[in-house]
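In what follows, every heavy atom counts, from backbone to side chain, and hydrogens, waters and symmetry copies are set aside. Because the structure is a prediction, the values reported are computed rather than measured.
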Amino acid sequence: MALARENADPSHKDRWICMYPAYINSKKTAVEGRRITKEKGVDNPTVTEIRDVCQAIGLTAVVENKMYTRELNRDPVFRGRVRVQLKKRRWLPCLGPIPYKKSLNDPSR
C-alpha cells in the first residue's frame, strides 16, 4: 500500500518547503531555530528578503502570515514564512543546482 504523501503532487503549494527567517538568522542560536552556521547566516533577514532572493534565482516563492514556534518575539515584524517550490514533478527539480532543501539553506553548495 502506497502512502498518500508519496502520491502527492510536489507542484501543489502544500508540498513546497517552508523557510522561516530564524533558519538563516546569524543572531539566533541553534536552540532558537538557526539551521546553518553563523558565518553563513544573515543578520535579521525578513520574509520579503528571502522571497525576493528566491524569486531572483528563479524559484517560485510565496509569503504566508505564519509564526515560527521558536520565535519568542511576537511583533508583526517577525511574523511570516516563505514557501518555496523546489520540484515540478516527483523527481524533477525546478532548478538544477538546488535540488533539495539543504542546498537552499546553505549558500556555499
- prompt: By side-chain hydrogen bond (donor to acceptor under 3.5 Å, both in side chains), which residues pair with T48, not counting sequence neighbours?
  reply: T46

query: side-chain hydrogen bond (donor to acceptor under 3.5 Å, both in side chains) with N44: which residues, sequence neighbours excluded?
result: N25

field: For V47 against P21, the heavy-atom pair lying closest together
entry: CG1-CG, 3.6 Å

query: Out of curiosity, Y68 OH to C18 SG, how far, rounded to the nearest 0.5 Å?
result: 11.0 Å

Hphob cluster co-occupancy, I50 + I36, side-chain heavy atoms under 4.5 angstrom: yes

statement: Taken in chain and number order and not counting sequence neighbours, the residues that satisfy side-chain contact (heavy atoms from CB on, under 4.5 Å) with V62 are K13, W16, R83

- prompt: What's the shortest heavy-atom distance between V42 and P45, and which atoms?
  reply: O-CD, 3.4 Å

Co-membership, hydrophobic cluster, residues I24 and M67, 4.5 Å side-chain: no

field: Inter- and intrachain pairs under salt bridge (charged side-chain N to carboxylate O under 4.0 Å, His left out), touching residues 43-59, at least two apart
entry: none

- request: Taking all heavy atoms of A61 and all of C54, pick out the closest pair and write down the distance.
  value: CB-CB, 3.8 Å

field: Pairwise salt bridge (charged side-chain N to carboxylate O under 4.0 Å, His left out) hits with a residue in residues 23-32, at least two apart
entry: K28-E71

- prompt: Transitively linked via ILVMFWY side-chain contacts under 4.5 Å: M19 with V53?
  reply: no

query: Residues in side-chain hydrogen bond (donor to acceptor under 3.5 Å, both in side chains) with R81, at least two apart?
result: Y20, E64

